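The structure appears right after this line, and notes come after that.
On a predicted model such as this, the values are computed, not experimentally measured, just so you know. Reminder, nothing fancy here: chain letters follow the sequence lines and each chain counts from 1.
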Protein chains: 2
Amino acid sequence: MGGMRRAHHPAIEELSLPEVMAALSDPLRIGLVRVLADGAERGWGELRAPVAKSTLSHHLRVLRDAGVTRTRQEGTRCFVTLRRQDLDERFPGLVGAMLGAADAEDVGGGVHLAPCAGSTAACR
Amino acid sequence: MGGMRRAHHPAIEELSLPEVMAALSDPLRIGLVRVLADGAERGWGELRAPVAKSTLSHHLRVLRDAGVTRTRQEGTRCFVTLRRQDLDERFPGLVGAMLGAADAEDVGGGVHLAPCAGSTAACR
DNA sequence: TAGCTTGTTCGATATTCGACGAACAACGAA
DNA sequence: TTCGTTGTTCGTCGAATATCGAACAAGCTA
């Protein structure tokens, strides 16, 4: 894909509380985190949100730079996961509390997974 | 004091997760919340932060508008409290987790209380 | 090699945010 | 009434953010 020379993923000790809070203060990004909350790895293209492709890319970058998600590249496509364990280690309970509140009021409900034409392993 | 016609305090049901997260994503504001974390009401003038008075007022307004703090006016001065109970009711565990993380890395350490020349009831 | 797919990056806007000093308003005190 | 105190609001600036469409780059595929 594009100029993604190598996505930077901050180490656990580099996670910054204000930066993580800021990353989690946008409805769309909260929606993305909710979609990833079950711990499963999701394909970039599986993610659906009511914004342009470049905007979605931007938000995923903010989450990645803050250390909230991890992006793995395989061939020409990307897979995203929530860094739940790292976050819980550094900021115990924070993500869980945020997710609980977000679910309760359906924050970022516009984000969801592609209808995933229920075939075999196509949807991972 | 100034044009503060009537500070608006959102009701519990009006609290917005993204807005609260945003309010808690600034180091200085996190510092203010930490200072108020013991539940005690603090005088505005007691609060010390390495910014201009107008900037401090701005940050306190952001916290108030988001529903994080409550401001009470008595005569010519203001008293601020953390709306811990309301926040916990709406977003269980969120503030606690944030405070735990903030304490661990001393986020907003530049904010503190005035040396409070240890007299009688002068402090509060 | 030529083309297709998949994300990223590049401008270009429009908006918001943090910070400051100065002016202002409300209240108590002299 | 005239001050002094206490915060808020205003106007301004530079930096950051959200969004979009277009261009681009890296890897499959034909």
Side-chain angles (χ1 to χ4, degrees), chain A residues 1-9 16 18-32 41-66 69-80 108 110-111 114 122 124, chain B residues 1-9 16 18-32 41-66 69-81 107-108 110-111 114 122 124:
Chain A
M1 62 228 22
M4 178 174 152
R5 298 270 168 269
R6 178 64 72 176
H8 174 62
H9 291 93
S16 140
E19 198 176 342
V20 168
M21 294 296 286
L24 299 179
S25 70
D26 182 281
L28 199 144
R29 290 195 291 261
I30 290 178
L32 288 169
E41 182 175 62
R42 299 296 180 179
W44 203 105
E46 230 182 317
L47 304 172
R48 292 284 178 280
V51 291
K53 188 174 55 160
S54 56
T55 302
L56 180 56
S57 180
H58 162 68
H59 284 298
L60 284 169
R61 186 211 221 296
V62 171
L63 289 172
R64 191 176 57 220
D65 286 352
T69 60
R70 172 170 276 116
T71 295
R72 180 173 68 84
Q73 200 168 347
E74 184 176 319
T76 180
R77 71 182 74 185
C78 296
F79 295 94
V80 188
V111 181
R124 295 210 68 262
Chain B
M1 59 224 33
M4 179 173 151
R5 299 269 167 266
R6 175 68 70 176
H8 174 62
H9 291 91
S16 142
E19 199 176 341
V20 168
M21 293 296 287
L24 299 178
S25 70
D26 182 280
L28 199 144
R29 291 194 291 263
I30 290 178
L32 288 169
E41 183 176 61
R42 300 297 181 180
W44 202 105
E46 229 182 318
L47 303 173
R48 293 284 179 279
V51 291
K53 187 173 56 161
S54 57
T55 301
L56 180 56
S57 180
H58 161 68
H59 284 298
L60 284 169
R61 185 211 222 296
V62 171
L63 289 173
R64 190 175 60 222
D65 287 351
T69 59
R70 188 186 306 286
T71 296
R72 181 173 67 84
Q73 200 168 345
E74 185 176 320
T76 181
R77 71 183 76 185
C78 297
F79 296 93
V80 188
T81 52
V107 177
V111 181
R124 315 196 50 254

Euclidean distance, atom CG of residue B:L47 to atom C1' of D:dT8 [Å, nearest integer]: 15 Å
Ignoring backbone atoms, test whether B:H59 places a side-chain nitrogen or oxygen under 4.0 Å from the OP1 or OP2 oxygen of C:dC17. no
Please report, rounded to the nearest Å, how far the C1' atom of D:dT19 is from the CG atom of A:L28. 11 Å
Out of D:dA18, C:dG18, D:dT6, minimum distance to the side chain of A:R29 belongs to D:dA18
Shortest non-hydrogen contact between B:V20 and B:A66, atoms and distance: CG2-O, 3.6 Å
Check whether more than 12 heavy atoms from other residues, nucleotides or ligands sit under 6.0 Å from atom CZ of A:R61, and answer yes or no. no
Of all the heavy-atom pairs spanning B:A22 and A:S25, show the shortest one and how long it is. N-CB, 3.5 Å
Please report the closest heavy-atom contact between B:H9 and B:T69, naming both atoms and the distance. CD2-O, 3.7 Å
Between B:K53 and B:V62, just flag the one whose closest nucleotide in DNA chain C comes earlier from the 5' side. B:V62
For A:V111, which of A:L47, A:L28, A:I30, A:V51 qualifies under side chain to side chain contact (heavy atoms under 4.5 Å, CB included)? A:L28
Can you say whether a donor on the side chain of A:S54 sits under 3.5 Å from an acceptor on the base of D:dG21, or the other way round? yes
Atom CH2 of A:W44 and atom C1' of C:dT9 are separated, to the nearest Å, by 12 Å
Rounded to whole Å, please give me the gap between CE in A:M21 and P in C:dC17. 16 Å
Mind calculating the distance between NE2 (B:H8) and C1' (D:dT8) to the nearest angstrom? 17 Å
Within this structure, what is the CZ-to-P distance between A:R61 and D:dT19, rounded to whole angstrom? 16 Å
Does C:dG28 have OP1 or OP2 under 4.0 Å away from a side-chain N or O of B:R77? no
Rounded to whole Å, how long is the line connecting atom CD of B:Q73 with atom P of C:dC27? 7 Å
Could you state the CZ-P distance from B:R42 to D:dG7, rounded to the nearest angstrom? 15 Å
Earlier contact from the 5' end, DNA chain D, for A:A52 and B:L60: B:L60
Give a yes/no on whether any side-chain N or O of B:T55 is located under 4.0 angstrom from OP1 or OP2 of C:dG18. no
